Amino acid sequence: MDYAEMSLEQLQEELKKLKETLEEVEEEKFFVLGQSGFHVSGGKVKQYEQEISELQAKIKEVERLIKEKSN
């Protein structure tokens, strides 16, 4: 997705969606990893970490563009 092409309003909406998705992934990770007696593969843990990192990077990019377009 090319965030640079989006309007300020679109960026703000996208930021909201990204933050909600990040929160959901973090909650799911906490729930899955918090299950006692439930084995979680190292690959699944890495998958959660990668997804969280990607979302955080997208959030930073969108926040930067919002700041630029707001000036």
Side-chain angles (χ1 to χ4, degrees):
M1 182 173 296
D2 190 7
Y3 296 125
E5 305 277 325
M6 295 178 146
S7 70
L8 181 58
E9 293 79 21
Q10 289 172 317
L11 287 169
Q12 290 168 333
E13 185 62 30
E14 183 67 17
L15 179 61
K16 181 181 173 188
K17 289 178 189 175
L18 287 169
K19 286 184 175 183
E20 288 172 357
T21 301
L22 177 60
E23 187 176 318
E24 289 171 5
V25 171
E26 288 175 332
E27 286 176 6
E28 179 183 328
K29 175 188 169 194
F30 178 78
F31 178 77
V32 169
L33 298 182
Q35 296 292 314
S36 61
F38 182 73
H39 176 73
V40 179
S41 70
K44 186 67 174 171
V45 174
K46 286 182 182 179
Q47 181 183 359
Y48 278 123
E49 293 302 324
Q50 181 180 356
E51 189 172 357
I52 288 169
S53 293
E54 288 173 3
L55 285 166
Q56 288 171 333
K58 288 178 182 180
I59 288 169
K60 283 183 182 180
E61 175 68 9
V62 171
E63 287 175 336
R64 182 187 66 79
L65 288 167
I66 288 172
K67 187 175 180 180
E68 281 181 13
K69 291 185 183 235
S70 294
N71 294 334

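For clarity, every value in this text was computed on a predicted model and none was experimentally measured. Here, residue 1 is the first one in the sequence, and each next residue gets the next number.
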Notebook entry, point to check: Nearest heavy-atom pair of Asp2 and Glu5: which atoms, and what distance?
Noted result: OD2-CG, 2.9 Å
Next item on the list: Any chance you could measure Ser41, atom OG, to Lys46, atom NZ, to the nearest 0.5 Å?
Entry: 10.0 Å
Notebook entry, point to check: Does a side-chain heavy-atom distance below 4.5 Å link Glu9 with Glu13?
Noted result: no
Item checked: Listed partners of Lys58 passing salt bridge (charged side-chain N to carboxylate O under 4.0 Å, His left out), at least two apart -> none
Next item on the list: Look up atom CD in Gln10 and atom CG in Leu15, then write down how far apart they are to the nearest 0.5 Å.
Entry: 13.5 Å
Next item on the list: Could I get the full list of side-chain contact (heavy atoms from CB on, under 4.5 Å) partners for Glu68, not counting sequence neighbours?
Entry: Arg64, Leu65
Checklist line | With sequence neighbours excluded, residues passing side-chain contact (heavy atoms from CB on, under 4.5 Å) with Glu51 | finding: Val25, Leu55
Margin query: List the residues meeting side-chain contact (heavy atoms from CB on, under 4.5 Å) with Gln12, not counting sequence neighbours, and say none if there are none.
Written below: Leu8, Ile66
Item checked: Pairs meeting criterion salt bridge (charged side-chain N to carboxylate O under 4.0 Å, His left out) with involvement of residues 16-27, two or more places apart -> Lys19-Glu63
Margin query: Distance check, rounded to the nearest 0.5 Å: Glu54 atom CD versus Ile59 atom CD1?
Written below: 12.0 Å
Checklist line | Contacts of type side-chain contact (heavy atoms from CB on, under 4.5 Å), residue Ser53, not counting sequence neighbours | finding: none
Notebook entry, point to check: About how many Å separate CG of Leu18 and NZ of Lys60, when rounded to the nearest 0.5 Å?
Noted result: 13.5 Å
